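This report concerns only the one structure given below.
Treat the numbers as computed from the prediction; the structure is a model and nothing was measured.
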Amino acid sequence: MAALAREELAALAAIYCGPEECEVLAVSETHGITFRIQITVKELLDTDILLKLLFHLPVNYPSILPDISVNSDQLTRAQCMDVKDKLLEQAKKHLSEPMVHELVLWVQQHLKCIIRQSTAVCSEKTTLSRGAGTEDGIWILFLHLDHMRAKAKYVKTVEKWASDLRLTGRLMFMGKIILILLEGDRSNIKEYLILQKTSKVDVDSSRKKCKEKMISVLCETKIQPQHARFQTFEVKDYSTIDELQKEFEAAGLATLFSEFVPPLLK
């Protein structure tokens, strides 16, 4: 990681020094640094908005733009994506100079305006996105989870993410096996993965909130013509492996089942 990025991170940690305000997630000399900044925007629509801003600074930053992800329980996924797009527009104005603090300050000042604009065009954007969606743009994501300690909260969170990102599919329980099968636009699939890997969605053995560290991406691929699209996202329990297999076969995913599920039973 470049010395400039190290200095910027140290400055950010000093500025955002409250509990969980600045959290370093990964540091690599070859892939750069990933960290999250949490801020509260006051007096927005008569409520406080907790924004979680995920930044990935590549090794060539700030000569190239950072990757940014935005998440908030008080905003819809569409609104979060609009905030992200606006932040990336601002980032281009600060290319070749440290910019994270400027971006955080900017979003604090302009969030109210962004949300108003997002709400005004929400229906239009939804119609356009549905019209633009083609089979070539639809992907399948197949995940295996090791466990869920806080099952009710975990399931509710997955359902919210799938709804916000317009993903269909299944959250499947069969004995100790937990599988998540998602279908949707590839960009939304990738956004889901970021949320799944970086959010505190479960609790550890001490009942403290923790990120999902025991997740396996079994498959991420473009949908094929023989696949029958799921129309909704559902949470389902299966008593036997045969019931689970029939679910996959009905969706034209028999090959996916035979390749990835039987090894999980060993």
Side-chain angles (χ1 to χ4, degrees), residues 5 7-26 33-57 61-62 65-95 97-126 129 153 156-166 187-188 190-201 208-211:
E7 293 174 4
E8 183 175 11
L9 179 60
L12 290 168
I15 296 169
Y16 303 100
C17 56
E20 298 187 343
E21 279 191 340
C22 183
E23 182 180 7
V24 179
L25 303 176
I33 183 169
T34 302
F35 58 92
R36 181 192 291 111
I37 291 179
Q38 293 191 158
I39 57 172
T40 299
V41 181
K42 299 287 187 179
E43 299 177 358
L44 176 64
L45 304 178
D46 298 322
T47 187
D48 291 347
I49 303 297
L50 179 64
L51 274 185
K52 302 174 184 179
L53 307 172
L54 185 73
F55 294 92
H56 171 243
L57 309 185
Y61 169 87
L65 296 177
D67 295 319
I68 303 173
S69 178
V70 178
N71 186 35
S72 174
D73 291 338
Q74 288 85 33
L75 303 180
T76 67
R77 199 66 219 147
Q79 289 171 331
C80 287
M81 294 179 75
D82 284 343
V83 174
K84 170 186 172 180
D85 291 342
K86 295 297 184 182
L87 280 171
L88 288 173
E89 289 179 11
Q90 289 299 310
K92 294 176 182 178
K93 300 177 182 180
H94 299 279
L95 197 60
E97 64 185 55
M99 66 182 73
V100 174
H101 186 44
E102 291 295 328
L103 295 178
V104 175
L105 292 177
W106 184 88
V107 78
Q108 286 178 304
Q109 296 170 3
H110 295 84
L111 183 61
K112 187 173 183 178
C113 180
I114 296 171
I115 292 177
R116 283 177 174 173
Q117 292 175 350
S118 178
T119 301
V121 301
C122 180
S123 297
E124 180 181 355
K125 287 181 67 175
T126 300
S129 66
K153 177 181 179 297
K156 184 177 180 180
T157 300
V158 171
E159 288 179 314
K160 183 180 186 303
W161 289 344
S163 175
D164 288 346
L165 292 167
R166 300 187 294 278
S187 63
N188 289 346
K190 290 187 175 296
E191 190 74 16
Y192 178 92
L193 265 179
I194 292 174
L195 291 171
Q196 181 76 65
K197 291 180 177 180
T198 62
S199 301
K200 291 185 177 180
V201 68
K208 294 180 180 179
K209 293 181 180 180
C210 67
K211 301 183 186 71

For Phe55, which residues count as a ring pair (Phe, Tyr, Trp, His ring centres under 6.0 Å) partner, sequence neighbours excluded? Phe35
Hits for ring pair (Phe, Tyr, Trp, His ring centres under 6.0 Å) against His101, two or more places apart or cross-chain, chain-then-number order -> Tyr16
Could you work out, with salt bridge (Lys or Arg N to Asp or Glu O under 4.0 Å) as the rule, every residue matching [X], not counting sequence neighbours?
X      : result
Lys190 : Glu220
Lys156 : none
Glu20  : Lys200

Measure the shortest side-chain to side-chain distance between Ile39 and Val107 over non-hydrogen atoms and say whether it is less than 4.5 angstrom. yes
I'd like to know if Lys211 and Glu23 make a salt bridge, using a cut-off of under 4.0 Å between side-chain N and carboxylate O. yes
Enumerate the residue pairs fulfilling salt bridge (charged side-chain N to carboxylate O under 4.0 Å, His left out) with a member in residues 8-17, sequence neighbours excluded, ordered by first and then second residue. none
Hits for side-chain contact (heavy atoms from CB on, under 4.5 Å) against Leu88, two or more places apart or cross-chain, chain-then-number order -> Ile68, Lys84
Run the side-chain contact (heavy atoms from CB on, under 4.5 Å) test against Ser187 and tell me which residues pass, sequence neighbours left out. Asp185
Residues which pass side chain to side chain donor-acceptor pair (under 3.5 Å) with [X], listed by chain and number, not counting sequence neighbours:
X      : result
Thr157 : none
Ser69  : Glu191
Lys160 : Asp164
Asn71  : Arg77

Hey, is the main chain of Leu50 close enough, under 3.5 Å, to the side chain of Ser72 for a donor-acceptor pair? yes
